[in-house]
Amino acid sequence: MDTNHVAAVWMLTAAILAAALIALVVAVVTGFLARWDGATLPGAITRAGGAFAVALTLLCGVIALGAALPS
């Protein structure tokens, strides 16, 4: 494997990990805000899970689009 391929794999891995971290932060903030708004604990966890799924889907879509574009 050449060094360009290895660098591309590491960049993609780092981008996916960053997306997961951002999605986790979005989920935690959503859960806290839902709980602060008066939602029950299961309701807040459900909202946080939904926010995590949406954020991760959108971020991975953007990463895939960036990877598919010609350089």
The remaining residues in the hydrophobic cluster of Val54, counting side-chain heavy-atom contacts under 4.5 Å among Ile, Leu, Val, Met, Phe, Trp and Tyr, are Leu58
Quiz item: Any donor and acceptor pair, going by atom type alone, linking the side chain of Arg47 with main-chain N or O of Ala51 inside 3.5 Å?
Solution: no
Contacts of Thr40 meeting side chain to side chain contact (heavy atoms under 4.5 Å, CB included) (sequence neighbours excluded), chain-then-number -> Pro42
Those residues at least two apart in sequence (or on a different chain) that pass side chain to side chain contact (heavy atoms under 4.5 Å, CB included) with Leu33 are Val29, Trp36
CG of Leu17 to CD1 of Ile22, rounded to nearest 0.5 Å, is 11.0 Å
Residues at least two apart in sequence or cross-chain that pass side chain to side chain contact (heavy atoms under 4.5 Å, CB included) with Val9, listed by chain then number, are His5, Thr13
Going by chain and number, the hydrophobic cluster around Ile45 (ILVMFWY, side chain to side chain under 4.5 Å) further includes Leu41
Sequence neighbours excluded, the answer for side chain to side chain contact (heavy atoms under 4.5 Å, CB included) partners of Leu56 is Ala19, Ala20, Ala23, Phe52, Cys60
d(Asn4 CG, Met11 CE) to nearest 0.5 Å is 12.5 Å
Looking only at heavy atoms, the pair that brings Ala44 and Gly31 closest together is CB-O, 3.8 Å
